[in-house]
Structure formats: structure tokens, C-alpha cells
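A short worksheet on the structure shown next.
We name chains A, B, ... by the order of the sequence lines, and we start the count at 1 in each one. Hydrogens, waters and symmetry mates play no part in the numbers below; they use all other heavy atoms, side chains included.
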Protein chains: 2
Amino acid sequence: MATGESRQPERPWGPAEVREVLRKRGLRYSRPRRVILGYLSEQDRHVSAEGLYLALRQRGDDLSLSTVYLNLRVLAEAGLVREFDGANGEALYDSNPSEHYHVVCPETGEVRDVTLPWVNGQPLASFLKEYVERETGWEIDEPHVSLTGRAPAARADGVD
Amino acid sequence: MATGESRQPERPWGPAEVREVLRKRGLRYSRPRRVILGYLSEQDRHVSAEGLYLALRQRGDDLSLSTVYLNLRVLAEAGLVREFDGANGEALYDSNPSEHYHVVCPETGEVRDVTLPWVNGQPLASFLKEYVERETGWEIDEPHVSLTGRAPAARADGVD
DNA sequence: GTCTCTGCAAAGGTTTTGCAGTAAC
DNA sequence: GTTACTGCAAAACCTTTGCAGAGAC
């Protein structure tokens, strides 16, 4: 048995846990952070910094663009959101807490979540990390796997 | 047996093969392309567009920076050089023809080549590609695996 | 001769920075 | 009360673009 896909939009952490995670890093649970985490976990979508900025604006949750950028990065470093590369050289974010990766279609911009297979009894990413650590003697971070491809829609359009 | 590391600085292709590869794409074997490929295959190092620009300049091979950028991309698309993400959000290039990946240390900027293991009788990248294609129904490109970590040197420095 | 390429400078787009006021703790 | 954070605008950054002249085929 290899795959274990599950993509529930379950809420990652409650406010208390979030606050605790932030506190441990000397970070505060400010309004922007509440608003951003709230949006991401409710919408369960993939957004860019600017997209998030605009979406929040429409909602009435006004944050400055630089605040959105700053906090998206801070929250990603704290492990509260996931960051990955979108279609136009822009970073995308989601707050899905389950281990997953993304496939991006450069033509349509569409993003699809994927769960990677297990290898040798462990998630592919961990397997890879340990392998590279043995191989190089370096202390390796969680591997980033970035996948691009053509969505069925793009192929149907006859785009080459 | 899984690994098969070998990092010979063997010259990828001779001038004739390069010209042929380019011709097939309607591309010309211009001086900038000769110079860039020559440098990369001789030095067998990882360089950024700007680094390459400066290195060539010192050598007396003057190319404009935009020409370097353009051709690095063109050559990467033609499969004549490999492109990957360096430490500062800049793209790095090498001309090593053998299937390999890179580990980058964000602190020192150091880059180390790695050969990824095989899984189920095929290179990890192919395995992953096929897996994701089955899983999503998308037509997936060659997966990009990007690895970061702390080089022994960085750890020795006591950098946290 | 044709068609791609070069070089220059200027623009592009995303992300970061500096600083004074504000708010979390 | 401290200390981190916000917001604004301006800047920084890598990379791309437009166009006239040059060079590969």
C-alpha cells in the first residue's frame, strides 16, 4: 500500500494553538495574522500575496500589501501556511495542514493538490531527505518538489 | 543497489552535436552561445547569469547581460544546460550532462551536486512523474526537486 | 539575401525596506 | 511600559522587452 490521499479542508489549528506557535517564536497574534489565517483556512484555496490582498480588501479586511507579504512569509516560516511556486514566478500559499504538494499548469494557472507516494515505508519527501543527508553529509531541509504540467483543460484547448 | 554517483566533468557534446541540436530548433550557433557553452563545460561550475556575465567579461569574451540571460534560457530550453534555483532567488546554471540535482546552502551559497536514488527500477524523478500522471490525469513535466540545507562548513561556523 | 541574434537602455513584476505611529503583551 | 507590528511609499531585485544594426546560414 503506497498512497494515502486525503484532502480534508480541516481547520489546521484553533486560535489557541496558533497563538502558542507564534508565541514560541516571539511573534504576536496580530489582526493581520488572524485575518490571513482565517481567510486561508476558510477558503482552502491557493492564493498569491496580491490575490490575498485583494480578496481581503473586498471582504473589508483592509491590510496593506506589504503587510500581507510580510506575514505570509512569517507564517510560512512558522509552519502555519504552505508556500510554493505558482505559474508566473509568483509565490502561492495555502493553509492545508496535511502533507501535500502542488501541480501547476503554466498555461491555465490551475493548481492541483497531490499527495506523494510512500517509499521504503516513509513519505517520499522524508525518504529523499534522509538519502541526501547520507549521500552528502549535509543537514537537509524538507525537500521541495515542484511539479508542472498541462491540465486536461489545457490539452483539450489544443494548446501546444 | 540504488546510487550511482559519478560527476565526471566530461564534455557534454562536441560543437557539431551542439550545432545540430540548435539547428533542429531553428536556432543559430552564434558567438555568445559558443562562448557560454564553452565556459560552462570547461569550468564545470554553477553560475548565475550575472556571474557568468562577469566571468566572461574578465576573460575578454564580452557579451551584454541581456544576451547572457537570453541565451542561458534558450540553451536551457534546448536541453544544453541545466537550470536550477540558487540561494538568493537567482537562477543558476551548469552544463553537466549527467542526470543530477543540486543542494544549495542558503547561508554560504555553496552548491553540491547529488544523484537521486532509484525507486521501483527507475530514477526517482521518472517514478514521481509517472505516479503524479496516474494520480492526476495531467501531463506532467520532469519534476523539479529543490534541496536546501546547511553545508558542513556552515554548521562548523556555529551558525544557527 | 533572409531571418535570427546581439546589444543597449529602459521597463517589468514581485518582493523588500525604512520609518513613524500603533497595538499586542 | 516594552517590544513587535502596521502601513505607506519608495526602492531593490532579477529578468524581460523593444528596436536598430549585425551576423549566421
Side-chain angles (χ1 to χ4, degrees), chain A residues 15-16 18-39 46-54 56-57 60-78 80-81 83-93 104 106 109, chain B residues 15-16 18-38 46-54 56-57 60-78 80-81 83-93 104 106 109 146:
Chain A
V18 168
R19 175 165 296 180
E20 188 50 25
V21 170
L22 292 174
R23 154 173 286 159
K24 280 184 185 155
R25 298 185 165 237
L27 300 171
R28 292 173 182 176
Y29 194 33
S30 60
R31 184 178 77 90
R33 291 175 190 163
R34 273 193 297 272
V35 166
I36 291 172
L37 289 173
Y39 181 89
H46 312 97
V47 292
S48 64
E50 179 142 30
L52 178 55
Y53 165 73
L54 294 172
L56 293 178
R57 196 175 233 302
D61 289 318
D62 280 24
L63 300 182
S64 78
L65 183 54
S66 58
T67 296
V68 172
Y69 268 106
L70 172 67
N71 287 298
L72 244 12
R73 188 156 64 105
V74 167
L75 295 172
E77 283 170 359
L80 291 168
V81 306
E83 181 184 30
F84 62 98
D85 291 330
N88 308 110
E90 66 186 3
L92 294 183
Y93 300 84
V104 178
Chain B
V18 169
R19 175 166 295 179
E20 188 50 25
V21 170
L22 292 174
R23 154 174 286 159
K24 280 183 185 156
R25 297 185 165 237
L27 300 171
R28 291 174 181 173
Y29 194 33
S30 60
R31 184 179 76 91
R33 290 173 190 164
R34 272 192 299 273
V35 166
I36 290 173
L37 289 173
H46 311 97
V47 291
S48 63
E50 178 142 32
L52 178 55
Y53 165 74
L54 294 172
L56 294 178
R57 195 176 234 300
D61 289 319
D62 280 23
L63 300 183
S64 76
L65 183 53
S66 58
T67 297
V68 173
Y69 268 105
L70 173 68
N71 286 298
L72 243 13
R73 187 155 64 106
V74 166
L75 295 172
E77 282 169 0
L80 292 168
V81 306
E83 182 183 31
F84 62 99
D85 291 330
N88 308 110
E90 66 186 3
L92 294 182
Y93 300 84
V104 178
S146 96

Inset, instruction - Pick base, sugar-phosphate or nothing for A/D62, based on heavy-atom distances below 4.0 Å to the nucleic acid. - result: sugar-phosphate
Inset, instruction - Kindly say whether, by distance alone, the side chain of B/R28 makes a donor-acceptor pair under 3.5 Å with the base of C/dC3? - result: yes
Legend entry - N or O in side chain of A/S30 less than 4.0 angstrom from D/dA4 OP1/OP2: no
Legend entry - Closest contact, heavy atoms only, B/F84 versus B/Y93: CE2-N, 4.2 Å
Inset, instruction - Among A/V68, A/L70, A/N71, A/L52, find the residue that satisfies the side-chain contact (heavy atoms from CB on, under 4.5 Å) test when tested with A/L63. - result: A/V68
Legend entry - A/L70 side chain, from C-beta outward: closest of D/dT15, D/dT6, C/dA24: D/dT6
Inset, instruction - Would you classify A/N71 as touching base, sugar-phosphate or nothing, given that sugar-phosphate means primed atoms plus P, OP1 and OP2, and contacts are heavy atoms under 4.0 Å? - result: sugar-phosphate
Legend entry - Minimum heavy-atom distance B/A91-B/E83, with the two atoms named: CB-OE2, 3.9 Å
Inset, instruction - For B/L65 and for A/L65, find the nucleotide of DNA chain D with the closest heavy atom, then tell me which residue's nucleotide is more 5'. - result: A/L65
Inset, instruction - With the side chain of B/R73 defined as its heavy atoms from C-beta on, choose the nearest nucleotide among D/dT15, D/dT16, D/dT6. - result: D/dT16
Legend entry - Short side-chain N/O contact to D/dT15 OP1/OP2 from B/Y69, under 4.0 Å: yes
Inset, instruction - Ignoring backbone atoms, test whether A/R31 places a side-chain nitrogen or oxygen under 4.0 Å from the OP1 or OP2 oxygen of C/dA23. - result: no
Inset, instruction - Could you please name the option among D/dC5, C/dG7, C/dC5 that lies closest to any side-chain atom of B/T67? - result: C/dG7
Inset, instruction - Report the nucleotide, chosen from C/dC25, D/dC14, C/dG7, that has the shortest atom-to-atom distance to any side-chain atom of B/E90. - result: D/dC14
Inset, instruction - Confirm from the modelled atom types if B/S66 and C/dC8 form a donor-acceptor pair under 3.5 Å, side chain to base only. - result: yes
